[in-house]
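First the structure, in the form of structure tokens, and then the observations on it.
All values below were derived from every heavy atom in this structure, side-chain atoms included, with hydrogens, water molecules and symmetry-related copies excluded. Below, read A as the first sequence line, B as the second, and so on, with proteins coming before strands; counting in each chain starts at 1.
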Amino acid sequence: MSNKINRLRGMYDVLPSETWIWQRIEEVIQEVFDSYNFQEIRFPLLEETRLFYTAIGEATDVVEREMFSFNSRSGTSLTLRPEGTAGCVRAVIQNGLCNRGLAQKLWYQGPMFRYERPQKGRNRQFTQVGAEIFNIDNAQADAELILMSARLWKKIGLPNIRLEINSLGTTSARIVYRKVLIDYFKKHLTVLDEDAKRRLETNPLRILDSKNPGMQEVIKNAPLLTDFLDDESIRHFSQLKEILDECGINYSVNPKLVRGLDYYSKTVFEWITTDLGAQGTICGGGRYDSLVELQGGKPTPAVGFAMGIDRIVELIKDLKLWSQPNSVDAVLIADKTVNPRFINGLSEKIRNCLPKLNLVVNLNPSSFKAQFKKADKLSAKFAIIVGENEINANIITLKSLTDKEFGQKELHFDGFLKIMSQYK
RNA sequence: GCGGCCGUAGUUCAGUUGGUAGAGCCCAGGAUUGUGAUUCCUGUUGUCGCGGGUUCGAGCCCCGUCGGCCGCCCCA
């Protein structure tokens, strides 16, 4: 026992008792995304480190101290992807998916890695599902992503979630605002904490997000990004709000919502729950019109979001939103004296005729009583009973474990099939 | 990276001022031998997270370490 190896910190095993939740979420997502005609794209978990430097931004926390990076044998620095957009954009450029101005609606799914302190709703390996729209610059694209996610929450049955939106303006508008903001905070240096001072040079917009009570006054009086927005961004933002209103999506505008990755411009949004403690964001995204060009592609407007599947699974478990369906249709109960050859022969014959039937064959011969108990524990609908009597008379005894009226019937194989095929 | 709480059977936990460990659930078997609830008997399980130290003696005290939870931070 002393030489047993445990899983790495912040990693987790998904056990059979909850894999069904993951599978069902994946089904629902696929269904909803299909209905909006998004297509799945798959790209590597491992990329060159400099991809994330350029895409996410060198001054962000993700890049500064949260990446799983190491050198390859040839000496190139590689990184396990901390998010999906950078790799997705790389794949789009490399495969020419957006050449000739073609619109692309893509989605992806898979594990991401960030070297953080584990907490409820925060792991070092976590699963994200993301969706991206390339080559559409209007607010309709932003809206469609929000509407699609809203539909997903509805299908999953998530309560207590709210939508926050904001506009960061075009990159040029933001550069102007950034300067104004730096000047403002420099006038109030004494009130700023260490974190804020550090960010003053790197990412001043994030200072607005601080929860430090001592800084709330300065933050409250800081110049608002909203006042620096260019006309185009304002028009874009109000169009988005119009569409959301029309479609009955509730939201609140949070002027301080800035998000941590450098590539966003114009629209940003977050879906937030109050049921997960400190890690309340289950989905976040926004527009990133200059990222494709920044990564060496043709100038291509784009917008996207990513959601944390782990957090959604956590919610479904905590709030008991779903209940596990019983999947076992029938259990084959055979007397100990019955030859295994016959048991497997029969079960295979049944499977040939009823391919969708979930049939459990007890591989561990025990008493009838024990086998019935087990069938009951599996919530099986039927017991298929085979003993000496049945074999001698060439019949099968079928007993309903849920319907008393059905009771138990002695049947020839054809009659048995006829009844069972009504259930599967 | 910082702070607080915690780590005992498969699981949830109890373990009193330090005297080499218990309960419920679960699981297995049984209650006139081919039938599932409930009930009633019977039974199995632990290097008390790991490594040091103090002590005649440590699950309990001290140090370290690993891991978990919660908050900060960050984000999905």
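- Annotation: A9(B) and G59(B) have their P atoms spaced 14 Å apart (nearest Å).
- Residue contacts for Asp61(A): at a heavy-atom cut-off of 4.0 Å it reaches the sugar-phosphate backbone alone, with no base atom in range.
- At a threshold of 4.0 Å, the pair Arg259(A)-Glu270(A) counts as salt-bridged, since one of the basic side-chain nitrogens sits closer than that to a carboxylate oxygen.
- Arg65(A) comes within contact range of the sugar-phosphate backbone alone, with a heavy-atom separation under 4.0 Å but no base atom that close.
- For Arg124(A) and Tyr115(A), the positive end sits near the middle of the six-membered ring, less than 6.0 Å away and at most 45° from its axis.
- With no hydrogens or angles considered, no side-chain donor-acceptor pair links Ser265(A) and Thr171(A) at under 3.5 Å.
- Here Lys399(A) lies in heavy-atom contact (under 4.0 Å) with a base.
- Residue contacts for Gln371(A): at a heavy-atom cut-off of 4.0 Å it reaches no nucleic acid atom on any strand shown.
- One N or O on the side chain of Ser233(A) and one on the backbone of Thr170(A) form a donor-acceptor pair closer than 3.5 Å.
- Sorted by first then second residue, the salt bridge (charged side-chain N to carboxylate O under 4.0 Å, His left out) pairs that include residues 358-368 of chain A, not counting sequence neighbours, number zero.
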Report all interatomic pairs (protein N or O, nucleotide N or O of nucleotides 67-70 of chain B) with separations under 3.5 Å.
residue, atom, partner, partner atom, Å
G68(B), OP1, Gly10(A), N, 3.2
G68(B), OP2, Arg9(A), NE, 2.8
C70(B), OP2, Lys120(A), N, 2.4

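- Looking at heavy-atom distances under 4.0 Å, Gln408(A) makes contact with a base.
- Using a 4.0 Å heavy-atom distance criterion, Leu401(A) is classed as a base contact.
- To the nearest whole angstrom, the two C1' atoms, one in G51(B) and one in U47(B), are 13 Å apart.
- Less than 6.0 angstrom separates the ring centroid of His188(A) from the ring centroid of Tyr184(A).
- Nucleic acid contact class of Ile333(A) (heavy atoms, under 4.0 Å, all strands): none.
- By the stacking rule of 5.5 Å between ring centres and under 30° between planes, Phe368(A) does not stack on the base of U35(B).
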